[in-house]
There are 2 protein chains.
Amino acid sequence: MRIIEFDGKRQMTPKPGKVTQREIARIAGVSQTTVSMVLNDRDGSNIRIPDATRERVRRAIEQSTYVADPAARRLAGLDNKILGVFTYESALTPESMDFYGPLLNGIERAAESLGCDLLFFTSSPVEEGRRRLFHRQTRLRLADGCVLLGQQMDGDDLERLVAEDFPFVAVGRRDETDAPVPYVGIDYGALTGALLDRAAELGHERILYMHRDRNSPTARDRLAAVARADGPDVALAVVGDDFAGVPGLVAETGATAVFAEDAFLVEDIALALGDEGAGLSLAALAEVRGHRIGGRALSGFHTPRQQIAAEALALLQELISTAPDERGGIEIQRLLQGEVALGDTLTARGGAR
Amino acid sequence: MRIIEFDGKRQMTPKPGKVTQREIARIAGVSQTTVSMVLNDRDGSNIRIPDATRERVRRAIEQSTYVADPAARRLAGLDNKILGVFTYESALTPESMDFYGPLLNGIERAAESLGCDLLFFTSSPVEEGRRRLFHRQTRLRLADGCVLLGQQMDGDDLERLVAEDFPFVAVGRRDETDAPVPYVGIDYGALTGALLDRAAELGHERILYMHRDRNSPTARDRLAAVARADGPDVALAVVGDDFAGVPGLVAETGATAVFAEDAFLVEDIALALGDEGAGLSLAALAEVRGHRIGGRALSGFHTPRQQIAAEALALLQELISTAPDERGGIEIQRLLQGEVALGDTLTARGGAR
DNA sequence: GCGGGGTGATAATTCGCATTATCAGCGGTT
DNA sequence: AACCGCTGATAATGCGAATTATCACCCCGC
């Protein structure tokens with residue numbers, strides 16, 4: 001790099017194509033400070049720049065290819081309009097698109113209208129099948145804040161984010177930490193209650209609820225709602241990978257309807273039941289869009305995933321633009337209402353299926 | 001922010017959760033320089049740090065929550081392991097998933113194995129229906145390099161990227177600029193030739209090629225391949241939104257096979273032909289995965305989109321890790337071979353369809 | 001007792017931008 | 001003449017990490 005003389009001080013030749021405020025300043029015949037002031041429309045008692053000068057600087061900028069270096073802005077303590085997106089699994093595979101697709105779409109739209117870019121932390125090292133949020137080289141701090149996606153999250157990650165006052169929002173209800181985690185989720189408890197009511201209306205008195213042995217907040221919400229159901233009797237059963245015992249369970253409990261934790265589970269159950277499932281009602285306590293059982297639309301829930309994403313980014317933006325010690329006034333845990341998807345597999349007791 | 005006294009110099013109270021090298025240095029009883037050296041495993045004649053000190057610093061780091069600030073690293077001229085992703089349209093909508101999905105998936109996987117994060121420039125303002133890459137607040141420079149996606153790109157954008165020596169790779173063949181643009185694409189010319197050969201084998205002597213009035217490089221590649229076809233006679237026709245004239249054109253040209261620029265076009269054409277299309281062969285000179293015409297798999301191409309993405313990121317990485325003046329040796333324009341998808345709609349001349 | 005050379009570190013500077021403190025010049029008062 | 005207030009601008013500094021230049025110290029040989 002050649003050294004040139006300017007203003008009495010040693011200075012590098014600017015790399016080609018790398019225009020800085022300094023360069024603009026030189027062209028406009030002012031100081032770098034002034035350029036910064038003009039760019040940020042600063043004005044006040046202590047900062048006065050006549051329109052003539054402003055105009056001169058502006059023209060110099062427009063005739064150049066100047067763009068502010070985001071790294072420098074960030075270092076100087078300003079927002080960068082960059083939102084982090086962290087997913088505990090790969091987000092863009094064809095399989096995960098079913099779940100992440102609508103969320104990502106909502107996030108993209110929201111980011112677009114907020115004027116933010118999205119930083120996907122695809123580099124996070126995988127440990128025990130899950131990505132780690134914090135690692136030696138995490139670019140997390142480059143973002144103004146971060147959205148967390150995934151069925152299960154790491155409690156330590158969440159604790160640490162809270163402890164560091166880093167703005168973030170989890171998608172999906174969370175309760176794995178003592179600290180209050182900001183989240184936007186679906187009120188599965190209410191939905192579960194509504195579906196149970198519907199089943200009661202249809203005459204079902206004994207229901208079998210099959211769920212996975214999973215300790216997530218939403219799983220507990222569903223169980224709690226099932227437990228306090230005042231209509232039908234609900235028998236609980238944990239399932240693993242083996243569905244051979246399902247027909248026996250149904251017979252044993254005398255259930256006329258089988259609910260399961262999610263749509264995939266219902267599919268497995270229907271398969272295991274075979275013909276014995278005829279006449280039984282089925283429903284998933286989760287999103288059922290696109291799922292069919294024997295040609296019939298599966299009963300369950302419709303969850304507004306795009307809306308969740310939009311709400312999550314809105315909350316994130318609020319957190320970012322509020323100083324840590326003033327965030328007390330923000331409602332950081334938000335549950336959205338989904339709706340019951342009637343479908344065709346939850347029918348009147350004894351009705352044909 | 002409170003001012004405290006430290007080391008004889010005025011210094012801010014560190015924001016909670018913001019651990020810097022300085023802080024580590026204080027704990028380990030060394031200078032910030034030393035911490036930096038240890039972190040980067042620097043060693044040499046001019047830099048000597050005994051193992052004892054190294055160890056002390058390492059322990060201090062491990063016991064803290066230190067993570068390097070990417071903005072500062074970047075400002076100091078280092079790579080950030082961040083790759084930009086720019087799409088000329090929204091990438092994550094359900095509709096665009098058909099096209100972008102496999103590409104994005106490939107990009108995510110490649111980024112994962114390269115240890116890079118992905119920055120999506122979702123904030124770019126939309127002008128004339130397309131996003132602008134360069135704008136006042138672009139965060140482009142935060143990335144080490146950038147992948148460009150989209151059917152049509154802006155020539156000025158490409159020129160400017162080349163002029164600024166910014167590492168980038170376009171997905172899809174490009175020729176809208178004088179400057180040599182790095183790209184990874186599909187060899188549509190070869191594929192078109194192969195499909196024409198196949199049609200010839202099947203006895204087709206007159207083919208109608210219908211294409212959009214679009215001036216993209218790949219569109220020209222197809223046309224060029226069609227023009228130099230030595231087998232069948234190919235009649236060209238430009239179509240707009242109105243397909244009413246299609247049956248007439250077929251009759252007029254005496255074509256026994258109709259090729260179109262892409263699968264959607266074939267679908268429209270088949271619709272316009274109705275029963276008159278019976279017996280006619282159809283094919284798209286593009287990816288046909290998932291497209292069926294009257295229950296038959298559409299004939300056309302299979303393009304290795306994931307592989308394109310992987311190759312694009314590999315090339316990008318090469319460009320990034322090579323100084324601008326030494327990039328001469330890199331093959332920056334790469335065409336991958338796709339394969340002809342025989343399908344069921346390109347059949348022997350006169351055969352039932 | 002003085003120079004040479006290796007050792008182990010640090011002070012100073014840089015990156016690009018924002019901000020704070022400071023200053024030179026001018027006109028009007030007392 | 002000394003003082004004040006206003007204007008228009010700039011020098012200096014900080015942000016966090018990397019890099020360069022420099023230094024203090026000790027041991028060795030003569």
Side-chain angles (χ1 to χ4, degrees), chain A residues 1 3 7-15 18-26 28-54 56-57 61 66-80 136-137 139 141-142, chain B residues 1 3 6-15 18-26 28-54 56-57 61 66-80 137 139 141-142:
Chain A
M1 209 174 286
I3 307 287
D7 250 58
K9 289 183 184 166
R10 274 162 33 122
Q11 188 185 313
M12 299 298 178
T13 54
K15 268 196 283 184
K18 184 72 178 179
V19 186
T20 69
Q21 287 188 0
R22 226 192 174 73
E23 177 74 2
I24 300 292
R26 196 182 55 74
V30 296
S31 70
Q32 174 261 324
T33 306
T34 303
V35 176
S36 173
M37 301 298 192
V38 171
L39 274 168
N40 295 318
D41 278 323
R42 297 291 308 267
D43 203 353
S45 64
N46 215 16
I47 298 156
R48 289 166 297 254
I49 303 169
D51 286 345
T53 308
R54 279 205 137 82
R56 196 150 35 92
V57 173
I61 291 170
Y66 174 83
V67 280
D69 183 328
R73 279 179 67 82
R74 182 85 193 147
L75 200 55
L78 272 71
D79 275 5
N80 252 339
R136 186 94 318 159
Q137 285 244 60
R139 262 76 66 174
R141 304 216 82 93
L142 203 51
Chain B
M1 210 174 286
I3 306 287
F6 162 65
D7 250 42
K9 288 181 183 168
R10 274 165 30 126
Q11 187 185 315
M12 299 298 177
T13 54
K15 270 197 281 185
K18 186 73 174 174
V19 186
T20 68
Q21 288 188 358
R22 225 193 174 72
E23 177 73 1
I24 300 291
R26 196 182 54 72
V30 296
S31 70
Q32 175 259 326
T33 307
T34 304
V35 177
S36 174
M37 301 299 189
V38 171
L39 275 168
N40 295 321
D41 278 324
R42 297 292 307 268
D43 203 352
S45 64
N46 215 16
I47 297 155
R48 291 166 297 254
I49 302 169
D51 286 346
T53 308
R54 281 205 137 82
R56 196 150 35 90
V57 173
I61 291 170
Y66 174 83
V67 281
D69 184 328
R73 281 177 65 82
R74 181 76 188 162
L75 197 57
L78 273 70
D79 275 6
N80 251 341
Q137 285 245 58
R139 260 79 65 173
R141 306 218 81 92
L142 200 50

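Since the structure is predicted, the reported quantities are computational estimates derived from the model, not experimental observations. Chain identifiers are assigned alphabetically (A, B, ...) following the order of the sequence lines, protein sequences preceding nucleic acid strands; residue numbering begins at 1 within each chain. Basis for what follows: all heavy atoms, side chains included, without hydrogens, waters or symmetry-related copies.
Between A:S36 and C:dT19, a side-chain N or O to OP1/OP2 separation shorter than 4.0 Å is absent. Applying the 4.0 Å criterion to OP1 and OP2 of D:dA9, one finds that A:T53 has a side-chain N or O inside that range. Side-chain nitrogen and oxygen atoms of A:N46 include none within less than 4.0 Å of the OP1 or OP2 phosphate oxygen of C:dA21. For D:dC15, the OP1/OP2 oxygens have no side-chain nitrogen or oxygen of B:T20 closer than 4.0 Å. Distances shown here put a side-chain N or O of B:R42 below 4.0 Å from the OP1 or OP2 atom of D:dT19.
Rounded to an integer number of Å, the gap from CZ of B:R48 to C1' of D:dC25 is 12 Å. The CD1 atom of B:I47 sits 8 Å away from the P atom of D:dT19 (whole-angstrom rounding). One can place CZ of A:R74 at 15 Å from P of D:dC15, the figure rounded to the nearest angstrom. One can place CZ of A:R139 at 16 Å from C1' of D:dG16, the figure rounded to the nearest angstrom. Put simply, CG on A:L75 is 13 Å from P on C:dT19, counting in whole angstrom units. Rounded to whole Å, atom C1' of C:dT19 lies 16 Å from atom CG of A:D41. Distance, B:L39 CG to D:dT19 C1': 14 Å, rounded to whole Å. For the pair B:M37 CE and D:dA17 P, the computed distance is 14 Å after rounding to whole Å.
Residues B:D43 and B:R54 have side chains in contact (heavy-atom distance under 4.5 Å, counting atoms from C-beta outward). Side-chain contact between B:D69 and B:T20 is absent, with no heavy-atom pair separated by less than 4.5 Å.
Between the side chain of A:R22 and the main chain of A:Q32, no donor-acceptor pair closer than 3.5 Å is present.
A:A68 comes within contact range of the sugar-phosphate backbone alone, with a heavy-atom separation under 4.0 Å but no base atom that close. Heavy atoms of A:V35 sit nowhere under 4.0 angstrom from any nucleic acid atom.
You'll find that the side chain of B:A76 is closest to C:dC15, out of C:dC15, D:dA9, D:dT22. With C:dA18, C:dT7, D:dA17 as the choices, the nucleotide that has an atom nearest any side-chain atom of A:N40 turns out to be C:dA18. For A:D69, counting side-chain heavy atoms from C-beta on, the closest listed nucleotide (C:dT19, C:dG16, D:dA17) is C:dG16. The listed nucleotides are D:dG8, C:dA18, C:dC17; the one nearest the side chain of A:L78 is C:dA18. Among the nucleotides C:dG16, D:dA18, D:dT10, the one closest to the side chain of B:R73 is D:dA18. In the set D:dA9, C:dG16, D:dA12, the nucleotide with an atom closest to the side chain of A:T33 is D:dA12.
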>> Between A:R141 and A:R74, does the side chain to side chain contact (heavy atoms under 4.5 Å, CB included) criterion hold? Intermediate values first, please.
In response: CA-CA 10 Å; A:R141 304 216 82 93; A:R74 182 85 193 147; 5.5 Å; no
> Are B:Y66 and B:L39 close enough, and set up right, to give a side chain to side chain contact (heavy atoms under 4.5 Å, CB included), and what steps lead you there?
Replying inline: CA-CA 11 Å; B:Y66 174 83; B:L39 275 168; 3.7 Å; yes
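Judged purely by distance below 3.5 Å, without hydrogens or angles, the side chains of A:S36 and A:T33 never pair a donor atom with an acceptor atom.
The residue among B:T34 and A:V67 whose nearest nucleotide of DNA chain C lies closer to the 5′ end is B:T34.
Judged by distance alone with a 3.5 Å cut-off, a donor-acceptor contact links the side chain of A:Q32 to the base of C:dA18.
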